Amino acid sequence: DSDVRKLSPRGFAIYLEMQHSYRGKVTLKESSNASYPAVWLNIDNSQAPGFNLPSSAGSAHLTIEQVRELRDALNEFLSES
């Protein structure tokens, strides 16, 4: 069923798993932080050609307000493209 959200092995929601245009991996996963709602935005370029550097992966722990800021910035990009 397409309405069933994928879950991590620990039972947290996986909102996005995709390959970006340079063949790296982008994921957006629910955080286990119990203090406030948050997500992890992960970017792994280790499999992307030309990105085989120790700094080719990164993560950001985002609050709801930060996710809204990111959404708004992406919407602005989309409206200008």
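The structure presented is a predicted model; accordingly, all values stated were derived computationally and were not measured.
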(Q) For residues L16 and F12: do they belong to one hydrophobic cluster (side chain heavy atoms under 4.5 Å, members Ile, Leu, Val, Met, Phe, Trp, Tyr)? (A) no
Atom pair [atom1] ([X]) and [atom2] ([Y]), whose distance is rounded to the nearest 0.5 Å:
X: E17; Y: L28; atom1: CD; atom2: CG; result: 10.5 Å
X: M18; Y: S21; atom1: CE; atom2: OG; result: 8.0 Å
X: S32; Y: W40; atom1: OG; atom2: CH2; result: 8.5 Å
X: R5; Y: Y15; atom1: CZ; atom2: OH; result: 5.0 Å
X: I43; Y: T27; atom1: CD1; atom2: OG1; result: 8.5 Å
X: N45; Y: Y22; atom1: CG; atom2: OH; result: 10.5 Å

Q: Taking all non-hydrogen atoms of both residues into account, name the closest pair between E30 and V39 and its distance.
A: CA-CG1, 4.3 Å
Q) Which of these passes side-chain contact (heavy atoms from CB on, under 4.5 Å) with P37: I64, L62, V67? A) I64
Q. What residues form a side-chain hydrogen bond (donor to acceptor under 3.5 Å, both in side chains) with S31, not counting sequence neighbours?
A. H61
Q) Take atom CZ in R10; do more than 12 heavy atoms of anything else shown fall under 6.0 Å from it? A) no
Q: Begin with the C-alpha distance, continue with both residues' side-chain angles, and end with the deciding distance and a verdict on side chain to side chain donor-acceptor pair (under 3.5 Å) for E76 and S79.
A: CA-CA 5 Å; E76 182 177 353; S79 69; over 6 Å; no
Q.
Whether the side chain of E80 engages the backbone of F77 through a donor-acceptor N/O pair (distance < 3.5 Å, no angle test) should be reported.
A. no
(Q) Test of understanding: with salt bridge (Lys or Arg N to Asp or Glu O under 4.0 Å), list the residues that count as partners of E69, not counting sequence neighbours. (A) none
Q | Side chain to side chain, I14 and L7, heavy atoms closer than 4.5 Å | A | no
